[in-house]
K.L.:
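I have a structure I would like to understand better, so I am pasting it below and will then ask my questions one at a time.
No hydrogens, no waters, no symmetry mates; every other heavy atom, side chains included, goes into these values. All residue numbers in this chain count up from 1 along the given sequence.
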Amino acid sequence: MALKYLLCVLLTYNMSLYCGSAAVHGHSIDNLERETDGSFRARDYEHYGDSGHNSEFDHEAILGSVREAEEFDKLSPDESKRRLGLLLPKMDLNGDEHIDRLELKKWILKSFINLSREEAQERLLEADEDHDGAVTWNEYLHDAFGVESEDEVGPEDTGDSGLILREEKAMWAAADANNDGKLELNEFQVFTNPEEHKEMHQFLINQTLREKDLNKDGSIDFNEYIGERGSQQDKVWLISEKDKFDNDLDLNKDGIIDLQEMHSWIIPDNEEIADEEVDHLFASADDDHDDLLSFEEILQHHDVFVGSEATDYGSDLMGEHFDDEL
Ligand SMILES: *[C@@H]1O[C@H](CO)[C@@H](O)[C@H](O)[C@H]1NC(C)=O
Ligand SMILES: *[C@@H]1O[C@H](CO)[C@@H](O)[C@H](O)[C@H]1NC(C)=O
């Protein structure tokens, strides 16, 4: 049991960052939210990891809530199926008792919004010390850096002499839409998930330029892209990074990552992730290949869409899966 719990914690922690903890939540300093190259982690980060396909992501994409996805994992298969059945009419926008690709995509995109809201809600609860439903700048400083005021944030906290804090403050001000000096949930959501809000993207581009564009020409060449990471890596790593740079990032093949390419590199595209998820769910459940998911097909494959105690990933790891089959 203890091991199972530990595994769940580790998995959740790596995957979706919803763990309540004393971890630092600042943007620039929160490496958990970034890939090592500096890009933001996509929602489906670790959907297909070293350990194969990870069904938690599918369940969250359908339920729009990590909390609810975990709740489903404890339900009997019948109850889980029954509750999934209640969602289907809500997904079925034209009421034909089939879910088409567009209906599913719209649902998944809404789920992403709900997930992001849930995440902000949990962070807000942690940071909102006086429980007034909003986070002040000082409450944020306390939560992110463990200090009472700005003067106490030193270079050892941010790794620079004040630049990161000024950036954070500028982002804070941009997120504070009604300018009242504190962030209510809607505003806090913009601040905590800047990659999902257009008005924040320029900040993220500027940050990336500051961190990587050493010759200040407004674009990133391969050496700048590699940066300090190169020193601890071998040739195989370098070759794979060069391949990624040339083929995935430098879209127009001019040898540099320009501003537009920087945008598609560091900011995950939820539309694209939703499209991939639709493809994956159709491949898993569209048994008669009519490019529609009937309610029956979805319920038949309920364990792809939502979890239950029979499909709980943690139990599988613990071998209970095998016990069931004996
Ligand atoms: C998102 O949240 C709203 C409000 O709680 C809920 O009505 C809706 O069903 C959720 N949608 C998805 C796709 O999870
Ligand atoms: C980004 O950097 C440019 C050039 O330094 C600056 O003019 C602009 O105000 C910055 N934008 C934001 C949102 O910080």
Side-chain angles (χ1 to χ4, degrees), residues 1-20 43-49 51-92 97 99 103-122 125 270 273-274 276-287 293-325:
M1 200 58 195
L3 178 58
K4 179 173 165 184
Y5 177 69
L6 181 67
L7 283 171
C8 290
V9 169
L10 287 175
L11 290 169
T12 325
Y13 196 74
N14 277 330
M15 233 162 37
S16 36
L17 309 158
Y18 291 106
C19 277
R43 280 240 164 261
D44 60 350
Y45 173 72
E46 286 196 350
H47 186 196
Y48 298 95
S51 52
H53 175 241
N54 175 1
S55 55
E56 301 281 316
F57 175 74
D58 301 322
H59 302 167
E60 288 165 13
I62 293 299
L63 293 169
S65 157
V66 173
R67 216 176 315 140
E68 235 181 285
E70 286 170 355
E71 242 175 74
F72 268 73
D73 285 344
K74 299 186 194 112
L75 300 176
S76 69
D78 282 345
E79 177 61 9
S80 166
K81 218 164 138 175
R82 187 187 71 80
R83 285 174 57 172
L84 174 61
L86 298 176
L87 293 180
L88 299 182
K90 292 196 207 169
M91 270 182 224
D92 180 18
E97 307 225 327
I99 307 298
E103 287 169 339
L104 189 56
K105 180 177 178 181
K106 284 185 175 166
W107 180 267
I108 289 169
L109 285 172
K110 266 195 235 149
S111 277
F112 289 165
I113 294 170
N114 285 8
L115 283 165
S116 155
R117 194 172 179 80
E118 183 182 58
E119 190 181 338
Q121 225 151 15
E122 288 184 5
L125 276 178
N270 275 351
I273 298 167
E276 284 166 12
E277 183 60 8
V278 167
D279 287 345
H280 168 63
L281 293 172
F282 267 72
S284 310
D286 183 18
D287 292 335
L293 298 179
S294 67
F295 285 9
E296 294 77 22
E297 282 171 330
I298 292 176
L299 294 174
Q300 192 96 42
H301 295 278
H302 62 94
D303 56 339
V304 176
F305 293 83
V306 294
S308 74
E309 59 177 6
T311 54
D312 184 12
Y313 189 48
S315 329
D316 278 355
L317 284 178
M318 291 305 293
E320 286 167 29
H321 175 68
F322 292 106
D323 292 346
D324 289 344
E325 286 179 352

K.L.:
Please check if the side chain of His59 supplies one atom and the backbone of Val66 the other of a donor-acceptor pair under 3.5 Å.
P.N.:
no

K.L.:
Mind checking whether Tyr48 and His280 have parallel, tilted or perpendicular rings, split at 30° and 60°?
P.N.:
perpendicular

K.L.:
Heavy-atom distance under 4.5 Å between the side chains of Glu119 and Leu115, does that happen here?
P.N.:
no

K.L.:
So if I apply the side chain to side chain contact (heavy atoms under 4.5 Å, CB included) rule between Val306 and each of Leu63, Leu75, Ile298, which one comes out positive?
P.N.:
Leu63

K.L.:
Looking at Ser80 and Gly307, would you say the former's side chain and the latter's main chain have a donor-acceptor pair under 3.5 Å?
P.N.:
yes

K.L.:
Compare all side-chain heavy atoms of Lys105 with those of Leu109 and state whether any distance is below 4.5 angstrom.
P.N.:
yes

K.L.:
Any chance you could lay out the side-chain contact (heavy atoms from CB on, under 4.5 Å) test for Ile62 and Phe72, step after step, and finish with the verdict?
P.N.:
CA-CA 12 Å; Ile62 293 299; Phe72 268 73; over 6 Å; no

K.L.:
So do Glu118 and Glu60 actually touch side chain to side chain, heavy atoms under 4.5 Å?
P.N.:
no

K.L.:
Does any part of the side chain of Ser116, heavy atoms only, come nearer than 4.5 Å to the side chain of Arg43, both counted from C-beta?
P.N.:
yes

K.L.:
Kindly say whether Ser65 contributes a backbone atom to a donor-acceptor pair with the side chain of Asn114 at under 3.5 angstrom?
P.N.:
no

K.L.:
Quick check: closest heavy atoms across Phe112 and Ala61, and the distance to 0.1 Å?
P.N.:
CE2-CB, 4.3 Å

K.L.:
How long is the straight-line distance from CG of Asp286 back to NE2 of His301, given to the nearest 0.5 Å?
P.N.:
9.0 Å

K.L.:
side-chain contact (heavy atoms from CB on, under 4.5 Å) for Leu86 and Arg82? Distances and angles first, verdict last.
P.N.:
CA-CA 7 Å; Leu86 298 176; Arg82 187 187 71 80; 3.8 Å; yes

K.L.:
Decide side-chain contact (heavy atoms from CB on, under 4.5 Å) for Ile108 and Ile273; before the verdict, give the C-alpha distance in whole Å, the side-chain angles of both, and the deciding distance to 0.1 Å.
P.N.:
CA-CA 9 Å; Ile108 289 169; Ile273 298 167; over 6 Å; no

K.L.:
So do Asp44 and Glu277 actually touch side chain to side chain, heavy atoms under 4.5 Å?
P.N.:
no

K.L.:
Search all heavy atoms of Ser284 against all heavy atoms of Val304 and return the closest pair with its distance.
P.N.:
CB-CG1, 3.9 Å

K.L.:
Could you give the distance from CD (Glu296) to CD (Glu97), rounded to the nearest 0.5 Å?
P.N.:
7.5 Å

K.L.:
Is Glu297 reaching over with its side chain to a backbone N or O of Ser294, donor-acceptor style, under 3.5 angstrom?
P.N.:
yes

K.L.:
Evaluate the side-chain contact (heavy atoms from CB on, under 4.5 Å) criterion for residues Lys90 and Lys110: first the C-alpha distance (whole Å), next the side-chain angles of each, then the deciding distance (0.1 Å), finally the verdict.
P.N.:
CA-CA 12 Å; Lys90 292 196 207 169; Lys110 266 195 235 149; over 6 Å; no

K.L.:
Output the distance between atom OG (Ser55) and atom NE2 (His47), rounded to the nearest 0.5 Å.
P.N.:
8.0 Å

K.L.:
So how far is it from Ser111 OG to Glu68 CD, rounded to the nearest 0.5 Å?
P.N.:
9.5 Å

K.L.:
So do Arg67 and Glu122 actually touch side chain to side chain, heavy atoms under 4.5 Å?
P.N.:
yes

K.L.:
Using a 4.5 Å cut-off on heavy atoms from C-beta on, say whether the side chain of Ile99 contacts that of Trp107.
P.N.:
no

K.L.:
Should Pro77 and Glu309 count as side-chain neighbours, where that means a heavy-atom distance under 4.5 Å?
P.N.:
yes

K.L.:
Could you tell me the separation between the CG atom of Leu293 and the CG atom of Asp92, rounded to the nearest 0.5 Å?
P.N.:
11.0 Å

